[in-house]
Structure formats: C-alpha cells, structure tokens
Amino acid sequence: MGNRRTRNLLSLVKASAPGKIILFGEHAVVYNRPALAVPVTQVHVDVEILDSPRVGILIHSPGIDLHAELNSLSSAHPIALVILKVFKLCGISQTPDLAINILSTIPVASGLGSGAAVSVALIRALSSYLLHSLSDNEINSLAFEVEKLHHGTPSGIDNTVITYNKPVYFIKGQPIETFKVGRSFTIVIGDTGISALTKESVGDVRSLWLRDTVSFENYFNEIAQIALIGRRSIESGKTELLGELMDQNHALLQNLTVSSPELDKLVEAARTAGALGAKLSGGGRGGNMIALVEQAKAESVADALISAGAKRTIITEISQEGMSQG
Ligand code: MEV
C-alpha cells in the first residue's frame with residue numbers, strides 16, 4: 001500500500017471535532033465581511049477507524065443512516081470525497097481494509113457545523129491512521145475544499161472555527177485571527193428542530209443580492225459593523241453590549257430573508273424570558289438560534305425556549321479558557 005509506514009500493533013485510531021455557533025456576521029461573511037464564531041464542545045463528531053478483516057472500506061454513520069462500502073458511494077458523496085482526498089494527499093494508491101465509524105451529536109443541517117465537523121474529524125482520524133500527520137492548515141484547506149463542493153460558495157468560517165477549535169474573527173481569504181474573551185459570557189442555544197440546508201439560504205441570498213445589490217451591500221456593511229463592535233466588546237469585557245448587537249444582527253438577517261417564523265418565535269421567547277439579546281445563528285431558515293443571558297437566568301431562558309417549541313437547548317459559557325457546559 002502506497003507509502004504507508006509500518007503500523008505495529010496499532011489498530012484503532014480516534015479523532016473528534018466540535019460544533020460551532022456564529023455570534024455575529026453569518027451570510028455577510030460570504031461577501032468578505034467579518035464574522036465571529038466560537039466552537040461548541042457540548043456537541044461533537046467522533047470518528048474511529050479500525051483495521052478490518054473484510055476487504056475494502058466499510059463506513060458506518062448511524063446519524064445519517066449510512067452503512068456502506070466506500071466503493072458503493074458516489075465519489076461526490078461528502079464522506080467518500082473526504083476519504084479519497086485524504087488518500088490522495090497522503091499518497092495512498094492502494095485502498096487499505098478498514099472500518100470507519102462516524103458518531104455525531106451535532107444535528108444535521110442545523111447551523112451548528114455538522115458537515116464541517118464530520119470532514120475535520122474524518123481527516124484527522126484517517127491521516128493519523130495512515131501515520132501521515134497533517135497540520136491544522138492542511139486539515140482546514142482540505143475541509144474547505146469539501147465545503148466548496150457541497151455548499152456552493154461557503155466563506156470557510158465553519159471549517160476554520162472547527163479545525164482550530166478556538167474563537168475566530170474571520171474574514172474570507174485572510175489569515176486566521178482569533179480573539180480574546182475579556183470576560184466570560186453565557187449563551188443559550190435553542191434548536192428549532194427544523195433542518196435547513198445552508199446551501200439553499202446562501203443561494204437565495206445571492207439571488208436577492210444580484211437583484212438588489214445596493215440594499216444587500218448596505219445590510220452586509222451594517223452586519224460588518226456589528227461584528228467589529230462585537231469583537232471589541234468581547235475583547236474589552238463589555239459583554240453587556242452584545243445583547244443589543246445580537247438583536248440588531250437578527251433584524252438584519254430578517255432583511256436578508258434567512259429567518260423563519262420558528263426562529264423568530266424562539267428569539268422573541270428568549271427576550272421575553274429575560275435574555276439580553278438573541279439572534280438566529282448559522283444559515284438560518286431553521287436550525288439554531290442563540291441568546292445572550294446572565295448566567296443565573298440561563299436555565300429559565302432555556303425552559304422558555306422549550307415551551308416555545310425548541311427541540312433542545314444547550315447552555316454554553318464562552319470564555320478564554322474554552323467552552324464548558326453550564
Ligand atoms: C454558515 O454556518 C454560515 C454562512 O455564513 C455560510 C458561510 O459562511 O459559508 C451562512
């Protein structure tokens with residue numbers, strides 16, 4: 001097999017990748033405006049790879065009901081594509097015999113980065129199984145190639161925040177910048193339970209932007225300002241300013257037509273229950289929203305979201321040390 005080094009007795013390799021939320025700037029980021037995203041480690045994709053007595057590559061991904069041989073998948077299937085790209089990068093010419101198990105707690109098409117997390121965890125696990133270590137830059141570039149093939153015109157923010165597992169201030173095509181969290185703050189994430197493909201909302205925004213470029217450029221500029229002020233507020237520990245910024249960002253996302261009645265209902269319910277601000281997060285039209293809360297109110301806001309129809313909630317603390325479950 002290709003240039004694979006001797007494996008000794010190692011027969012099981014594991015790797016994980018977190019989910020993510022976008023605090024400010026989704027959609028505008030596709031048009032080169034800045035956006036802020038943070039990893040969410042309470043949800044994750046875990047990939048394990050085992051030597052297999054069977055010939056070929058067997059893939060199990062119960063979350064998407066996939067139990068298949070690599071050869072039976074189209075080479076454009078996102079998982080097949082990742083595997084083939086890793087083989088190419090690692091110089092593997094002959095397919096090894098192995099089993100790949102992909103377990104995910106990130107709901108699919110929900111704005112939490114499930115696609116990018118599968119790519120990143122799979123690239124990490126497979127390259128490590130092949131004893132070919134890849135840098136974060138290489139992993140990020142590969143995951144971005146997969147995102148491009150499956151999401152039309154992604155900005156690259158999802159694969160970046162998930163690969164580096166750090167808060168990022170992201171501008172498409174520019175070197176990765178992380179940002180400091182001056183004072184920790186609490187976010188409640190509420191899931192509408194409605195799956196919505198980012199590719200579609202991004203495509204719709206593009207059609208509207210082409211039709212009314214002036215208005216949409218103005219919306220993107222206002223969102224960019226919010227992302228910039230959001231970053232400064234987080235870095236200087238003035239997190240109380242973030243609620244108002246979230247509300248403004250949500251209104252602009254409504255103008256972009258990417259909210260939905262269910263998202264608006266959860267955003268409203270969070271505010272009524274005492275959140276300092278709330279907005280949808282990610283591609284929109286379904287998926288998840290986020291609310292900024294005082295820590296003591298996190299549980300009651302989460303309860304209010306469930307009463308308003310959320311299928312589940314996550315409480316996450318955004319801090320310099322990393323994210324932890326509340
Ligand atoms: C998706 O998480 C964020 C969007 O801005 C799309 C992208 O940046 O590729 C909606």
Side-chain angles (χ1 to χ4, degrees), residues 17-40 43 45 78 104 106-120 140-174 176-177 187 189-192 194-209 216-217 219-224 226-228 230 246 249-250 252-260 263 279-290 314 316:
K20 70 95 195 19
I21 48 171
I22 295 188
L23 295 176
F24 300 107
E26 51 276 270
H27 286 287
V29 68
V30 174
Y31 299 80
N32 305 310
R33 276 34 173 222
L36 265 64
V38 292
V40 175
V43 285
V45 172
S104 177
I106 311 178
V108 176
S110 73
L112 296 182
S114 71
V118 168
S119 295
V120 169
N140 195 28
S141 302
L142 205 56
F144 185 45
E145 280 180 43
V146 177
E147 292 277 289
K148 276 196 280 201
L149 282 165
H150 289 280
H151 300 290
T153 54
S155 62
I157 192 169
D158 286 15
N159 47 280
T160 301
V161 65
I162 287 168
T163 300
Y164 292 91
N165 198 5
K166 282 185 186 142
V168 293
Y169 176 82
F170 182 88
I171 302 175
K172 195 167 134 186
Q174 296 204 4
I176 289 132
E177 271 184 71
I187 295 282
I189 305 171
D191 190 350
T192 60
I194 295 167
S195 49
L197 293 175
T198 300
K199 184 180 182 169
E200 282 175 16
S201 62
V202 168
D204 290 351
V205 170
R206 184 161 296 274
S207 308
L208 293 167
W209 171 72
F216 273 65
E217 283 289 315
Y219 298 147
F220 297 151
N221 286 339
E222 285 186 58
I223 293 173
I226 291 172
L228 201 65
M246 279 188 184
N249 197 165
H250 186 71
L252 286 158
L253 288 162
Q254 286 174 320
N255 292 350
L256 300 185
T257 76
V258 296
S259 193
S260 70
L263 281 165
K279 64 180 276 291
L280 71 85
S281 181
R285 296 269 166 81
N288 281 271
M289 49 70 68
I290 58 175
I314 298 169
T316 192

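Whatever order the structure lists them in is the order used to number ligands and atoms, beginning at 1. Owing to the predicted nature of the structure, the values given are computational and were not obtained by experimental measurement.
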Does the side chain of Asn159 reach to within under 4.5 Å of the side chain of Ser119, using non-hydrogen atoms? no

Under 4.0 Å between a side-chain nitrogen and a carboxylate oxygen: does that hold for Glu222 and Arg33? no

Determine which pairs satisfy side chain to side chain donor-acceptor pair (under 3.5 Å) with at least one residue from residues 197-208, sequence neighbours left out, and list them in order. Asp204-Arg285

Test your reading of the model: is there a side-chain donor-acceptor pair from Thr192 to the backbone of Gly287, 3.5 Å cut-off? yes

With a 4.5 Å heavy-atom cut-off, do Val205 and Val30 have their side chains touching? no

Within a strict 4.5 Å, meaning less than it, do heavy atoms of the Trp209 and Leu256 side chains meet? no

Between ligand 1 and the protein, which N/O pairs fall short of 3.5 Å?
{"residue": "ligand 1", "atom": "2 (O)", "partner": "Lys20", "partner atom": "NZ", "Å": "3.0"}
{"residue": "ligand 1", "atom": "2 (O)", "partner": "Asp158", "partner atom": "OD1", "Å": "2.9"}
{"residue": "ligand 1", "atom": "2 (O)", "partner": "Asp158", "partner atom": "OD2", "Å": "3.2"}
{"residue": "ligand 1", "atom": "5 (O)", "partner": "His27", "partner atom": "N", "Å": "2.8"}
{"residue": "ligand 1", "atom": "8 (O)", "partner": "Ser155", "partner atom": "OG", "Å": "2.5"}
{"residue": "ligand 1", "atom": "9 (O)", "partner": "Ser155", "partner atom": "N", "Å": "2.8"}
{"residue": "ligand 1", "atom": "9 (O)", "partner": "Ser155", "partner atom": "OG", "Å": "3.4"}

